[in-house]
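Quick note on labels: first sequence line is chain A, next is B, and so on, each numbered from 1. Computed over heavy atoms, backbone and side chain alike; hydrogens, waters and symmetry mates excluded.
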Number of protein chains: 2
Amino acid sequence: MKDTIDPTESLDRAIGVLRERGERVTTARRGVLAILASTTEHLSAERIYDEVVDRAPDVHRATVYRTLDSLVNVGVVAHVHLPHGPAAYHLLDSGARPHIHLVCRECKSVIDTSADLLDGAAASVLETIGFELDPDHVALTGWCAHCRSEARA
Amino acid sequence: MKDTIDPTESLDRAIGVLRERGERVTTARRGVLAILASTTEHLSAERIYDEVVDRAPDVHRATVYRTLDSLVNVGVVAHVHLPHGPAAYHLLDSGARPHIHLVCRECKSVIDTSADLLDGAAASVLETIGFELDPDHVALTGWCAHCRSEARA
DNA sequence: TTCGATGCAAATAGTTTGCATTCTA
DNA sequence: TAGAATGCAAACTATTTGCATCGAA
């Protein structure tokens, strides 16, 4: 059982999925995926653009947005809409469990927590009003442990 | 026990709070509050601006944004950041319970549900990682009953 | 060789800000 | 009449789109 992720492996896997689906593998797509595979962080489109441009200066910002959109549709990338600021993208690695995003209202950091956190709420809201929760696309807000202890001090 | 809300009463109450806090009661503030008091819907700043301009044509869009911000700080108005589209504002009526917002990914409609929906999740996340959930500021996404049955048909 | 992906420029939505002026308290 | 709130213009952030061109399959 491994608990570290190999960037190269993640990248190859994502590109493999693209090929399986008959999607084209271009410089822009490869670049975006490489950036996403290199971190477990959640990156904004702008941030991804900055990094991709370092390697491939010709890639345009609009292409990054379109690429991200395609990758989300293909299912190798997911995005979360955070309460403030831009959408955050991350690789949907098959090795990684779906997770829920917690955003600290103070330091804006994004914390991943297990997807089953909302299982109870999902069941409840489905039963009472027929609303089907999509926990993977949800961002919750509040205050992280660090900022809470800072506030106390 | 009343289950309808009197717009005039809500408006007067909100304005009362402003005065209590030593906040100024201006045409713009009165206008924004009147719109918010007239509905239980969640309105975007743009929508509020449109409605306010009908009554008070001189009120500027920027003023509506600043006014909403002030009203949020005073505590008579709350806003939620929805996954797509603009922030949604609503009156924080003392008669109204705090509630959680569900957004349908299909029809974009906003559904209120009881705040205690996330009590379990809040307790869990506080205990495990020391994160303090702020359920009033949270928007959850998914598919509403109506769109789910549409999809089936 | 074809059609999807890209580069570029321009537009769009949502929101914020600096500054002079107005108006509430 | 002091200073907070406003009007206006302009900037800003995040994102999208039309169109001609390019390049992966």
Side-chain angles (χ1 to χ4, degrees), chain A residues 14-34 42-53 55-74 76-77 79-89 103 108 110 139, chain B residues 14-34 42-53 55-74 76-77 79-89 103 108 110 139:
Chain A
I15 288 178
V17 174
L18 286 187
R19 293 204 196 280
E20 277 169 30
R21 309 283 173 92
E23 289 285 329
R24 294 187 178 176
V25 177
T26 65
T27 308
R29 290 180 174 192
R30 208 186 288 271
V32 166
L33 284 173
H42 296 72
L43 305 178
S44 66
E46 192 63 24
R47 173 81 180 283
I48 294 166
Y49 168 67
D50 287 344
E51 309 253 17
V52 169
V53 158
R55 311 177 174 209
D58 285 346
V59 171
H60 196 271
R61 179 180 280 100
T63 301
V64 170
Y65 278 95
R66 279 189 283 223
T67 296
L68 285 168
D69 205 47
S70 307
L71 296 175
V72 166
N73 287 331
V74 171
V76 292
V77 165
H79 69 293
V80 199
H81 293 275
L82 307 176
H84 295 270
Y89 293 83
V103 183
K108 315 297 184 205
V110 179
Chain B
I15 289 178
V17 174
L18 285 188
R19 293 203 197 282
E20 276 169 31
R21 309 281 173 95
E23 289 285 329
R24 295 187 175 176
V25 177
T26 65
T27 308
R29 291 180 173 191
R30 207 186 287 272
V32 167
L33 284 173
H42 297 71
L43 304 178
S44 66
E46 194 62 25
R47 173 81 180 283
I48 295 166
Y49 167 68
D50 287 344
E51 307 253 17
V52 169
V53 158
R55 310 176 174 208
D58 285 346
V59 172
H60 196 271
R61 180 180 279 100
T63 301
V64 170
Y65 278 95
R66 279 190 282 226
T67 295
L68 285 168
D69 205 45
S70 306
L71 296 175
V72 166
N73 287 332
V74 170
V76 293
V77 165
H79 69 295
V80 199
H81 293 276
L82 307 177
H84 294 269
Y89 293 83
V103 182
K108 314 298 183 205
V110 179

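As rounded to whole Å, 15 Å separates atom P of dA5(C) from atom CD1 of Ile15(A). One atom, NE2 of His60(A), and another, C1' of dT17(D), lie 12 Å apart when rounded to the nearest Å.
Checked by distance alone, Arg61(B) brings no side-chain donor or acceptor within 3.5 Å of a matching partner on the base of dG7(D).
The aromatic rings of Tyr89(B) and His79(B) lie parallel to each other, with less than 30° between the two planes, well short of the 60° mark.
The side chain of Val59(B) sits closest to dG7(D) out of dG7(C), dG7(D), dG14(C).
Using a 4.0 Å heavy-atom cutoff across all strands shown, Thr67(B) reaches sugar-phosphate atoms only and no base atom. Contact annotation for Arg66(B): base contact, defined as any heavy-atom pair under 4.0 Å involving a base atom. Contacts of Ala62(A) with the nucleic acid, taken as non-hydrogen atoms under 4.0 Å apart, include base atoms.
Arg21(B) places a side-chain N or O within donor-acceptor distance of the main-chain N or O of Val74(B), the cut-off being under 3.5 Å.
Within residues 44-51 of chain B, no residue has any heavy atom under 4.0 Å from DNA chain D.
An end-to-end axis angle of 40° holds for the helix from dT1(C)-dA25(D) to dA25(C)-dT1(D), taken from five base pairs per end and rounded to 10°.
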Report task. Mark up nucleotides 20-25 of chain D, 5' to 3', with B wherever a protein heavy atom is under 4.0 angstrom from a base atom, S wherever such an atom reaches only the sugar-phosphate, and - elsewhere. Result -> ---BBS

